[in-house]
Number of protein chains: 2
Amino acid sequence: MIHESAAGPAATIQPPGDYEALRAAIAQRHGALPGRLQQVAEFTLDHPTDVALATVAEVAQRTGVQPSAIVRFARAFGFNGFTEMQQVFRSRLVAGVAPSYKARLARMKRDEASILGRRPLAVLGRFVADAHSALDSLLQSATEQDLEAAIAILAPARDIYLLGLGGSYPVAAHLAYVLRKLGRRVVLLDGIGGGIGEQSHAATAQDALVAISFRSYYPDTVRLFPELVARGVPAIAITDSLLSPIATGARLVFELQDMPEAAMRTLAAPLCLVQALAIGLDLAGD
Amino acid sequence: MIHESAAGPAATIQPPGDYEALRAAIAQRHGALPGRLQQVAEFTLDHPTDVALATVAEVAQRTGVQPSAIVRFARAFGFNGFTEMQQVFRSRLVAGVAPSYKARLARMKRDEASILGRRPLAVLGRFVADAHSALDSLLQSATEQDLEAAIAILAPARDIYLLGLGGSYPVAAHLAYVLRKLGRRVVLLDGIGGGIGEQSHAATAQDALVAISFRSYYPDTVRLFPELVARGVPAIAITDSLLSPIATGARLVFELQDMPEAAMRTLAAPLCLVQALAIGLDLAGD
DNA sequence: CAGAATTTGGAATGTTCATTCTATTTTCAA
DNA sequence: TTGAAAATAGAATGAACATTCCAAATTCTG
């Protein structure tokens with residue numbers, strides 16, 4: 001009895017860490033498994049989503065076996081129980097919808113190493129990974145509709161006003177640079193010379209506004225944005241939440257998720273978006 | 001008992017059935033919600049994946065509220081409890097498994113081949129792909145040595161001067177922002193108020209300079225950089241070629257290859273590099 | 001400013017769930 | 001065919017969990 005739990009199936013091997021590895025292991029050992037466990041193997045391969053979200057009882061019922069058989073199956077693959085195996089199936093769901101989550105987990109592991117050694121290359125690796133996942137989720141969330149709507153707002157504008165302060169200022173500056181290169185009239189609201197209010201004074205409904213702001217939202221941005229909107233200036237917001245102060249009142253909101261705190265963000269995603277807007281606008285042949 | 005379920009909060013409205021509808025409802029009612037429920041609203045919008053998979057206790061802890069507040073939140077939106085609301089968040093995960101971003105990226109490349117013209121999503125896809133590969137080659141070319149050398153130059157500096165104009169200005173601005181957040185003294189040479197020369201006048205060998213410039217090199221950068229180097233200011237260059245005007249005289253050169261022309265570049269790579277330098281410097285415990 | 005209504009924190013409750021245990025059946029070897 | 005070993009079913013157990021409840025605090029309202 002004692003040696004069973006010490007040298008039992010759970011201790012024989014260590015469990016696969018990611019879904020693909022687990023899937024491969026199940027497929028390989030399928031033939032050598034006892035009858036009921038074969039049933040379970042087939043079900044898990046065919047219905048990974050159910051395994052990820054359902055309870056033991058549900059999986060057992062749908063497989064046509066007892067709950068204990070499910071647990072035995074998990075233990076046969078090195079897990080301590082069904083719950084542990086389920087995590088692997090859940091990681092697959094998470095990876096599919098939000099690549100950044102997966103990256104975040106990978107980052108955590110890297111972090112532990114980098115804190116010990118304070119190795120700057122690990123730090124760079126982390127930011128590169130962050131930027132990668134931010135770009136991926138940008139591509140997932142942006143739609144053709146949104147981009148076309150944005151271009152439709154910008155195309156007829158006489159002047160394009162850009163509002164991005166604090167940590168978002170580089171994005172606004174870059175957009176200003178590109179738009180000017182393409183021959184558009186741009187007003188970058190940077191507050192230099194004192195009055196950010198004065199800079200935007202001439203904005204009308206014939207113009208357009210692109211505002212960029214992420215948590216924690218820069219006070220001047222929060223103050224100025226509603227003013228311009230109230231004056232009828234059509235606005236595009238690039239932000240990190242639908243609850244952002246610049247989301248309400250905007251004709252169009254680009255929501256970039258999983259933005260890290262200010263000092264940690266790489267700005268890769270908003271810069272790419274802004275770049276695509278500018279070039280897309282130019283290609284649209286104004 | 002009976003009238004409780006008939007006239008209780010759960011019966012006031014009927015709950016949104018799919019994720020997008022729920023998301024919209026949360027965003028809309030956010031302002032009218034009591035304080036704690038607002039917190040919950042923000043968390044659910046920002047971390048839908050966590051809500052889908054975690055327990056009430058976990059969500060509560062991460063939100064910073066009591067478990068009961070989570071349940072109240074769910075009931076406020078017409079659900080009978082957290083479990084019921086969680087189903088909606090789970091449906092999002094299940095729906096998201098199929099279309100992966102890789103497939104989408106691949107499709108974009110196909111679209112792009114046919115004609116880049118007029119399809120803004122294809123344009124975005126192209127920039128995202130560009131940024132991806134730029135980040136990868138950054139990670140390949142950067143060495144631990146270089147990064148450590150850079151940090152060794154920056155750590156003892158009294159003031160850090162940043163020189164990046166034209167298309168590179170957003171990179172310099174971002175580096176300035178992050179360094180200041182970390183408590184470093186920074187002078188951003190932006191030429192505002194006329195004299196970029198005056199701004200850099202106080203730079204000495206006790207300070208340090210980070211210069212960023214890509215083709216075609218901005219004239220003021222080309223002019224000012226050798227001046228500062230001649231005065232003994234230790235310089236780090238971030239550029240696209242060893243033949244760049246800011247490569248000669250620099251203590252250290254980060255060479256980023258394959259930089260597209262000014263209006264087409266996304267700046268993802270230099271921004272990441274600069275970010276890693278700043279954080280690496282901070283971790284080095286100056 | 002007083003009273004009512006709402007909101008909130010935190011513990012108590014009762015349910016659901018994964019896991020374990022044991023008797024029984026099945027399989028295999030001699 | 002018989003004995004031993006493995007596998008299985010199903011109930012028992014104990015832990016984890018969502019939910020409820022109530023007192024305290026806060027916010028509205030007259």
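The basis for the numbers below is simple: all heavy atoms, side chains too, and nothing from hydrogens, waters or symmetry mates. We name chains A, B, ... by the order of the sequence lines, and we start the count at 1 in each one.
Residues from residues 52-61 of chain A lying near DNA chain C, meaning a heavy-atom separation below 4.0 Å, are A:Thr55, A:Val56, A:Ala57 in numerical order.
Atoms CD (A:Gln86) and C1' (C:dT19) sit 14 Å apart, rounded to a whole Å. In this structure, CZ of A:Phe73 is placed 13 Å from P of D:dT8, rounded to the nearest angstrom. When the P atom of D:dT20 is taken as reference, atom CZ of B:Arg72 falls 12 Å away, rounded to whole Å. The CD1 atom of B:Ile70 sits 16 Å away from the P atom of C:dT7 (whole-angstrom rounding). Rounded to whole angstrom, the span from the CG atom of B:Leu33 across to the C1' atom of C:dT8 amounts to 14 Å. What separates CD of B:Glu84 from C1' of D:dT19 is a distance of 13 Å, to the nearest Å.
Looking at residues two or more places apart in sequence or on another chain, you find no salt bridge (charged side-chain N to carboxylate O under 4.0 Å, His left out) involving B:Glu42. For the salt bridge (charged side-chain N to carboxylate O under 4.0 Å, His left out) test, no residue two or more places apart in sequence or in another chain qualifies with A:Arg251. By the ring pair (Phe, Tyr, Trp, His ring centres under 6.0 Å) test, A:Phe82 pairs with no residue at all, sequence neighbours left out. Under the salt bridge (charged side-chain N to carboxylate O under 4.0 Å, His left out) criterion, B:Asp18 pairs with no residue at all, not counting sequence neighbours. Residues satisfying the side chain to side chain contact (heavy atoms under 4.5 Å, CB included) criterion with A:Thr248, sequence neighbours excluded, are absent altogether. In this structure A:Ala25 satisfies the side chain to side chain contact (heavy atoms under 4.5 Å, CB included) test together with A:Pro16, A:Phe77, sequence neighbours excluded. Applying the side chain to side chain contact (heavy atoms under 4.5 Å, CB included) criterion to A:Asp146, with sequence neighbours excluded, gives A:Thr143, A:Leu252, A:Phe254.
For the pair A:Arg215 and B:Asp46, the salt-bridge criterion is met [side-chain N within less than 4.0 Å of a carboxylate O].
Annotation for A:Arg90 and B:Leu53: closest pair NH1-O, 3.2 Å, computed over non-hydrogen atoms.
The A:Phe82 side chain lies nearest to C:dT19 when the options are C:dT19, D:dT8, C:dT8. Taking the side chain of B:Arg75 as heavy atoms from C-beta on, and the options D:dT8, D:dT19, D:dT20, the nearest nucleotide is D:dT20.
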What protein N or O atoms touch nucleotides 11-15 of chain C N or O atoms at under 3.5 angstrom, if any, and at what distances?
none

